Colleague: 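First the structure, then my questions, so here it is.
Just so we're clear, the structure is a prediction, and the values are computed from it rather than from any experiment. Residue numbering restarts at 1 for every chain, and letters A, B, ... go by the order of the sequence lines.
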Protein chains: 2
Amino acid sequence: MAQKDTVKSILNAAEELFSERGFAETSLRNITTKAGVNLAAVNYHFGSKKELIQAVFARFLGPFCESLEERLAEMEAGLPQRVPEMEELLMLLSQTALLSGHNNSPRRLGIFMRLLGLAYTQGQGHLRRFLQNEYGRVFNTYMKLVTAATPALSEEERFWRIHFMLGATVFTLSGADSLSAMAEYDIGKGSDIAQVVDKLVPFLAAGVSAPHR
Amino acid sequence: MAQKDTVKSILNAAEELFSERGFAETSLRNITTKAGVNLAAVNYHFGSKKELIQAVFARFLGPFCESLEERLAEMEAGLPQRVPEMEELLMLLSQTALLSGHNNSPRRLGIFMRLLGLAYTQGQGHLRRFLQNEYGRVFNTYMKLVTAATPALSEEERFWRIHFMLGATVFTLSGADSLSAMAEYDIGKGSDIAQVVDKLVPFLAAGVSAPHR
DNA sequence: TTTTGTTTTAAACGTATGTTTGAAACAGGT
DNA sequence: ACCTGTTTCAAACATACGTTTAAAACAAAA
């Protein structure tokens with residue numbers, strides 16, 4: 001239980017703490033303490049805090065995009081004849097997110113959605129660049145299929161609706177636990193991520209297919 | 001142009017800088033420099049950085065909720081007979097956001113949406129508590145009207161769809177400028193917040209009214 | 001066992017932060 | 001002009017951070 005465990009412990013602790021407090025609010029000392037390793041271990045194994053942040057994303061996004069890319073390639077292959085439904089494309093995402101990698105749980109998906117939200121809202125220019133350079137290609141492939149699935153939309157309309165969807169997803173899934181605490185009545189106790197996704201998909205599919213005036 | 005201007009300058013600078021970089025990434029020195037006031041002025045006038053953050057929110061949310069509450073009261077009065085449409089309730093929000101206060105511009109709305117996104121994603125437990133204690137009541141009133149407007153939905157379904165809407169709105173409007181830069185074609189000049197809202201409303205209305213399976 | 005390369009450790013470094021201080025500058029009322 | 005309370009200012013304070021360092025601990029090969 002020696003060398004490679006340190007890296008994994010750090011990644012686990014960082015993933016959780018980042019998602020709870022944000023990047024700037026989480027110190028390396030918080031992380032290394034929770035991970036039970038020495039402070040210097042982060043800089044030794046990752047180089048810097050920035051690279052640690054990127055590594056946290058890469059650990060989740062790597063297997064996810066790999067898995068996703070296979071399924072997308074199949075769909076893209078039979079494209080002119082077989083046009084995918086929008087709901088199909090949405091389900092593909094949620095299924096991939098829940099199944100890719102080894103130990104992906106609904107809980108982990110929630111954590112990662114919170115991270116994704118942070119990546120957008122919080123400054124972290126380096127992260128945006130990292131994500132775009134690393135995973136921009138898969139996104140473009142996905143968009144090609146979305147375009148095929150929504151031929152009635154103008155390019156501009158589709159662009160915005162994709163982001164409406166992304167926003168609803170990231171925001172809700174990332175705050176699933178805390179959001180339910182806001183209401184005075186008691187809903188969302190069964191706020192399992194998987195259940196929320198089930199409610200989310202029809203909402204998104206209807207929104208993206210709505211006629212524009 | 002001396003004394004009470006200091007407070008306003010600080011609030012203006014803080015509002016802008018917070019929305020650009022986040023709370024933790026914005027130092028008091030950044031703020032006071034941009035505001036052209038002395039560093040100590042923040043602690044003198046506001047007490048602490050936390051209270052500054054809360055003051056920034058209060059300055060926007062105060063007039064907004066006041067304005068909103070009036071319109072909501074009217075609607076609530078004629079409730080059993082006159083049931084509001086969902087689109088009506090959405091437009092009410094956007095109109096109030098754009099008109100409440102004196103110098104509210106679409107730009108300012110974008111800035112504040114970014115702040116609202118930060119308030120949720122970024123740790124800042126004190127902010128969440130502050131917002132909930134201060135403005136939770138208005139939210140509940142609004143929900144009562146939404147309930148009337150969507151009688152077909154179960155309480156749980158409605159609860160989540162409200163947050164889907166909130167997520168799409170906050171996420172998109174807060175990143176409107178940077179998101180439009182992502183597209184290869186040029187929405188640029190036309191990416192006024194108001195236009196994005198126009199595209200948003202049909203999306204949301206369709207989503208919230210979607211049949212659930 | 002000795003050697004070699006890797007990993008861990010405790011301590012320190014330099015910097016940036018939020019906050020406090022006490023004196024100076026200012027304003028308005030008498 | 002003189003006081004009185006408020007506001008500004010430069011400087012310092014204490015603390016926390018990310019990072020670096022050099023020695024120690026360790027593992028595996030020779």
Side-chain angles (χ1 to χ4, degrees), chain A residues 1-59 115 118-119 122-127 129-130, chain B residues 1-59 115 118-119 122-127 129-130:
Chain A
M1 57 164 187
Q3 60 265 47
K4 210 64 180 185
D5 251 15
T6 299
V7 166
K8 192 174 289 187
S9 304
I10 292 176
L11 284 175
N12 288 338
E15 180 175 289
E16 197 133 345
L17 288 178
F18 282 152
S19 85
E20 286 171 4
R21 318 185 191 177
F23 302 116
E25 296 87 344
T26 304
S27 71
L28 294 187
R29 284 167 177 84
N30 291 153
I31 295 171
T32 52
T33 298
K34 171 159 189 167
V37 303
N38 186 273
L39 167 61
V42 168
N43 290 285
Y44 177 75
H45 287 286
F46 296 94
S48 68
K49 188 181 182 181
K50 285 186 181 182
E51 289 168 284
L52 204 217
I53 295 176
Q54 296 176 4
V56 167
F57 276 83
R59 182 168 68 144
L115 290 177
L118 286 173
Q122 207 141 333
Q124 302 295 349
H126 71 97
L127 225 190
R129 261 173 278 129
F130 171 77
Chain B
M1 57 167 186
Q3 56 269 45
K4 212 62 180 183
D5 254 14
T6 300
V7 165
K8 192 174 291 187
S9 304
I10 292 176
L11 284 175
N12 287 338
E15 181 175 288
E16 198 134 345
L17 288 178
F18 281 152
S19 83
E20 286 170 5
R21 319 185 193 177
F23 302 116
E25 295 88 343
T26 303
S27 70
L28 294 187
R29 284 165 178 84
N30 292 152
I31 295 171
T32 51
T33 298
K34 171 159 188 165
V37 303
N38 187 273
L39 167 62
V42 167
N43 290 285
Y44 176 75
H45 287 286
F46 296 92
S48 67
K49 187 182 183 180
K50 284 186 182 182
E51 290 169 282
L52 204 217
I53 295 176
Q54 296 176 3
V56 167
F57 276 82
R59 181 168 69 144
L115 290 176
L118 286 172
Q122 208 141 333
Q124 302 295 348
H126 72 98
L127 225 189
R129 261 171 279 131
F130 171 76

Colleague: Name the nucleic acid region contacted by B:A40, choosing base, sugar-phosphate or nothing; use a 4.0 angstrom heavy-atom cut-off, strictly under.
Modeller: base
Colleague: Assess the residue pair B:V56 and B:L11 against the criterion (side-chain contact (heavy atoms from CB on, under 4.5 Å)); give the C-alpha distance rounded to whole Å, side-chain angles, the decisive distance to 0.1 Å, and a yes or no.
Modeller: CA-CA 6 Å; B:V56 167; B:L11 284 175; 3.9 Å; yes
Colleague: From CZ of A:F46 over to P of C:dT8, roughly how many Å is that when rounded to an integer?
Modeller: 11 Å
Colleague: Please tell me if A:S27 has a side-chain N or O lying less than 4.0 Å from either OP1 or OP2 of D:dC17.
Modeller: yes
Colleague: Assign each of A:R29 and A:A41 to its nearest nucleotide of DNA chain C by heavy atoms, then name whichever residue's nucleotide is nearer the 5' end.
Modeller: A:A41
Colleague: Tell me the interatomic distance from A:E25, atom CD, to D:dC17, atom P, rounded to whole angstroms.
Modeller: 11 Å
Colleague: Tell me the interatomic distance from B:R21, atom CZ, to C:dA16, atom C1', rounded to whole angstroms.
Modeller: 14 Å
Colleague: Is any side-chain nitrogen or oxygen of B:N38 closer than 4.0 Å to OP1 or OP2 of D:dA10?
Modeller: yes
Colleague: Touch check for A:T26, heavy atoms < 4.0 angstrom, all strands: base, sugar-phosphate only, or nothing?
Modeller: sugar-phosphate
Colleague: Report yes if at least one side-chain N or O of B:T6 is closer than 4.0 Å to OP1 or OP2 of D:dT8; otherwise report no.
Modeller: yes
Colleague: Under the side-chain contact (heavy atoms from CB on, under 4.5 Å) rule, what do B:L115 and B:F23 come out as? Steps first, then yes or no, please.
Modeller: CA-CA 9 Å; B:L115 290 176; B:F23 302 116; 4.2 Å; yes
Colleague: Establish, with yes or no, whether the OP1 or OP2 oxygen of D:dT8 is under 4.0 angstrom from a side-chain nitrogen or oxygen of B:H45.
Modeller: yes
Colleague: Take the protein atom CG of B:N43 and the nucleotide atom C1' of D:dC9, then report the distance between them rounded to whole Å.
Modeller: 14 Å
Colleague: Report the distance from atom CD of A:E51 to atom P of D:dT19, rounded to the nearest whole Å.
Modeller: 9 Å
Colleague: Nearest whole angstrom, please: distance from the P of C:dT9 to the CD1 of A:I10.
Modeller: 11 Å
Colleague: Round to a whole Å and report the spacing from CD1 of A:I53 to P of D:dC17.
Modeller: 15 Å
Colleague: Taking B:N43 for its side chain and B:A40 for its backbone only, find out whether a donor-acceptor pair lies under 3.5 Å.
Modeller: no
Colleague: What verdict does the side chain to side chain donor-acceptor pair (under 3.5 Å) test give for B:S9 and B:N12, after you've listed the backbone C-alpha separation in whole Å, the side-chain angles of each residue and the deciding distance to 0.1 Å?
Modeller: CA-CA 5 Å; B:S9 304; B:N12 287 338; 5.8 Å; no
Colleague: CG of B:L17 versus P of C:dG18: gap in Å, rounded?
Modeller: 12 Å
Colleague: Check whether any side-chain heavy atom of B:I10 lies under 4.5 Å from a side-chain heavy atom of B:F46, and answer yes or no.
Modeller: yes
Colleague: Hey, which sits more toward the 5' end of DNA chain D by its nearest nucleotide, A:N30 or A:Y44?
Modeller: A:N30
